[in-house]
Amino acid sequence: MPENVAGPADSWWSNAVVYQIYPRSFADSNADGIGDLQGIIERLDYLSQLGADVLWLSPVYPSPHDDNGYDISNYQDIDPLFGTLADFDRLLAGVHERGMKLVMDLVVNHTSDEHPWFTASRDGGPSGDKRDWYIWRPPRAGMDPGTPGAEPNNWESWFSGPAWTYDAASGEYYLHTFSRKQPDLNWDNPEVRQAVYAMMRWWLERGVDGFRMDVINLISKDPALPDGIMPEGARFGLGHPYYVCGPRIHEYLAEMHREVFEGHSRQLLTVGEMPGVTVEEAQLFTDPARREVDMVFQFEHVGLDEGPGGKFDVRPLKLTDLKASLGRWQTGLGETGWNSLYWNNHDQPRVVSRFGDDSPAYRDRSAKLLATVLHLHRGTPYIYQGEELGMANAPFTSIDDFRDIESLNYHREQTALGTDPATILKGLRHRSRDNARTPMQWDATEHAGFTAGTPWIAVNPDYVDVNAKAQLSDPDSVFHYYRRLIELRHTEPAITHGDFHMLHPDHEQLYAFTRHNAASSTELLVIANFGGADLTVDLPDGWEDSDTLIANLPATSPLTSTYTLRPWETRVHRRSTA
Ligand code: GLC
Ligand code: CA
């Protein structure tokens with residue numbers, strides 16, 4: 001690393017913790033059943049008590065809500081469902097008053113099909129001046145336009161079905177890697193890029209502290225848009241090689257950095273959501289010397305319980321796979337790259353149900369264990385609303401319980417293919433994004449204190465026992481455990497700076513690693529029993545006199561060469577290496 005460039009571990013955000021708010025499900029102030037900005041304002045003290053440094057807001061812009069706001073029809077306003085720009089300014093002021101920062105969701109791989117850019121592009125026809133702002137192509141030669149197989153290429157949408165929709169008026173198709181109401185912008189057009197940068201500057205001038213960039217590594221498409229490989233028996237091809245980290249992606253992110261962030265006086269945070277990104281690519285994206293983004297969200301570890309049938313084909317997680325993957329990211333990014341650390345977000349099922357044990361006996365304990373393992377890695381941790389309470393997956397019993405477009409499309413597609421209904425429902429119950437979107441559980445009153453009306457999606461009935469109010473008054477709660485983990489990240493340099501060394505990589509039940517920080521002569525040992533049985537482990541020498549930094553159970557003995565971990569027990573110890 002050149003001497004004049006600081007490594008990512010020296011950045012202000014290296015000991016920050018980000019809290020993600022999914023506004024629709026967070027807190028409803030006006031009883032319409034949908035969370036809103038005023039609801040968030042009323043809960044800022046809670047977030048500040050937790051100790052979050054940065055809040056990331058999922059989209060609150062005007063939207064037809066085909067994909068819950070990830071389909072934006074106006075980038076420079078607030079959807080009336082959530083409030084007004086004046087409410088937004090009050091929220092931002094409230095966040096800043098409490099010493100926190102606010103990061104917006106930036107969804108610019110695509111807009112809504114109701115965005116004026118798209119309606120102009122569509123209605124102006126092939127020679128219109130906004131035509132080239134989106135990706136339009138004629139039907140496949142020799143095919144009947146609008147019929148199956150006539151799409152310009154064989155790519156599949158991430159939400160099932162073809163990635164192209166036919167516009168009969170102009171005789172052409174537009175590309176949408178997500179729903180048909182989410183047409184992809186054409187980033188190869190410099191006017192598009194400048195319009196996006198201008199909009200981003202507008203938000204920064206308003207006072208926001210950065211952006212979480214939705215599927216940002218999909219913005220550069222191979223201009224030839226070649227057919228993807230057809231897996232055997234599939235109806236669509238895999239277009240990913242032609243647009244995941246496509247040909248001009250680094251050029252565009254570096255340009256965005258120059259045009260929007262360069263020389264900015266405030267401390268900002270940028271995180272690129274990047275499905276399919278490799279460690280090698282991520283290192284390039286996050287190397288501070290390259291000035292692209294501060295960190296990325298990668299997806300490898302949340303795909304490890306997927307079977308050959310894709311995301312809804314759920315398999316038990318092998319702990320060795322999880323350690324191999326996260327361990328490779330820890331060491332692979334080296335000194336010049338930086339990780340985002342997450343188990344949960346608005347697209348993932350709840351981690352305590354997925355990788356922990358949500359039965360009453362071990363729910364809190366396994367939630368604390370998962371938190372410990374994640375927060376002790378090198379990188380910036382993200383907490384998704386309710387994770388700090390150990391919120392679990394929803395007990396969905398029928399397709400009528402679901403709201404998410406991805407789940408509903410999948411159900412429709414699989415039903416048409418004749419898949420066994422119980423199998424479809426099982427996949428959805430485990431993996432549907434709606435698991436993350438049930439309302440935040442504030443207290444034990446009706447609808448968990450989320451709304452005085454009827455919630456847009458049912459509250460998890462376990463709110464009676466699992467809620468913020470109960471946990472705030474219990475010093476042993478998952479909430480207070482998360483609070484302590486955040487505090488530790490603020491105060492223990494080995495968490496931020498320490499190198500990472502995995503122990504026992506082949507063990508199927510033990511997750512163990514050390515973090516050594518030469519500068520402060522401290523070393524941390526993290527041990528975690530991923531299972532419901534006692535586990536006697538061999539430990540490295542020299543830990544018997546160490547201090548307990550945090551643990552989810554009191555120690556039964558000093559950490560001598562062997563120690564017996566109880567079910568889902570985790571411990572973090574610290575010693576001096578001076
Ligand atoms: C991202 C978002 C997801 C959304 C998709 C399309 O993956 O996290 O919620 O559906 O992009 O915008
Ligand atoms: Ca509301």
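What you see is a predicted model; the values in this text were computed from it and never measured. Computation of the quantities below employed the complete heavy-atom set of this structure, encompassing side-chain atoms and omitting hydrogens, waters and symmetry-equivalent molecules. Both ligands and their constituent atoms are indexed starting at 1 by order of listing.
Interface atoms of ligand 1 facing Val215, defined by a heavy-atom separation under 4.0 Å, are 1 (C), 7 (O), 11 (O). Heavy-atom contacts of Arg433 reach the following atoms of ligand 1: 3 (C), 4 (C), 9 (O), 10 (O) (cutoff under 4.0 Å). For ligand 1, the atoms sitting less than 4.0 Å from at least one non-hydrogen atom of His110 are 6 (C), 12 (O), numbered in the order shown with element in parentheses. Of all atoms in ligand 1, listed by their number and element, those nearer than 4.0 Å to a heavy atom of His346 are 2 (C), 3 (C), 8 (O), 9 (O).
Atom NZ of Lys426 sits about 5.0 Å away from atom NE2 of His430, to the nearest 0.5 Å.
For atom 7 (O) of ligand 1, the nearest non-hydrogen atom of the protein is Glu273 OE2, 3.0 Å. Regarding atom 8 (O) of ligand 1, its nearest protein heavy-atom neighbour is Asp347 OD2, 2.5 Å. Taking atom 10 (O) of ligand 1 as the reference point, the nearest protein heavy-atom neighbour is Asp67 OD2, 2.5 Å.
At least one cation-pi condition fails for Arg137 and Trp164: the charged atom is not both under 6.0 angstrom from the six-membered ring centre and inside a 45 degree cone around its axis. With a 6.0 Å cutoff to the six-membered ring centre and a 45° limit on the axis angle, Arg354 does not count as a cation-pi contact of Trp343. With Trp136 as the aromatic partner, Arg131 meets the cation-pi criteria of under 6.0 angstrom to the ring centre and within 45 degrees of the ring axis.
Between Tyr382 and Phe297, the distance separating the two ring centers is shorter than 6.0 angstrom. Between Phe88 and Trp203, the ring center distance clears the sub-6.0 Å criterion. Between Tyr134 and Tyr174, a ring centre-to-centre spacing not shorter than 6.0 Å is recorded.
Residue contacts with ligand 1, taken as heavy atom pairs separated by less than 4.0 Å, involve Arg212 solely via side-chain atoms from C-beta onward. Counting heavy atoms under 4.0 Å from ligand 1, residue Phe297 does not touch it at all.
The heavy atom nearest to atom 11 (O) of ligand 1, considering only Asp105, Thr177, Asp214, is found in Asp214.
Counted within 6.0 Å of CG on Leu85, heavy atoms from surrounding residues, nucleotides or ligands total more than 12; the atom is thus considered enclosed. Annotation for Lys311: atom NZ counts as buried by contact number, over 12 foreign heavy atoms lying within 6.0 Å. Heavy-atom contacts from other residues, nucleotides or ligands closer than 6.0 Å to CZ of Arg180 number 12 or fewer.
Residue contacts with ligand 1 include Phe159, since one or more of its heavy atoms lies under 4.0 Å from the ligand. Heavy atoms of Glu406 come nearer than 4.0 angstrom to ligand 1 in no pair at all.
Between Tyr242 and Trp155, the angle of the ring planes stays under 30°, which puts this pair in the parallel group of the 30/60° scheme.
Atom OD1 is the N, O or S atom of Asp32 at the shortest distance from the Ca ion (ligand 2). With respect to the Ca ion (ligand 2), Asp36 has OD2 as its nearest N, O or S atom. Within Asp28, OD1 is the N, O or S atom that lies nearest to the Ca ion (ligand 2).
Distance check for Thr451 against the Ca ion (ligand 2): none of its N/O/S atoms falls below 3.0 Å. None of the N, O or S atoms belonging to Phe82 lies under 3.0 Å away from the Ca ion (ligand 2).
Rounded to 10°, the angle that OD1 of Asn30 and O of Ile34 form at the Ca ion (ligand 2) is 150°.
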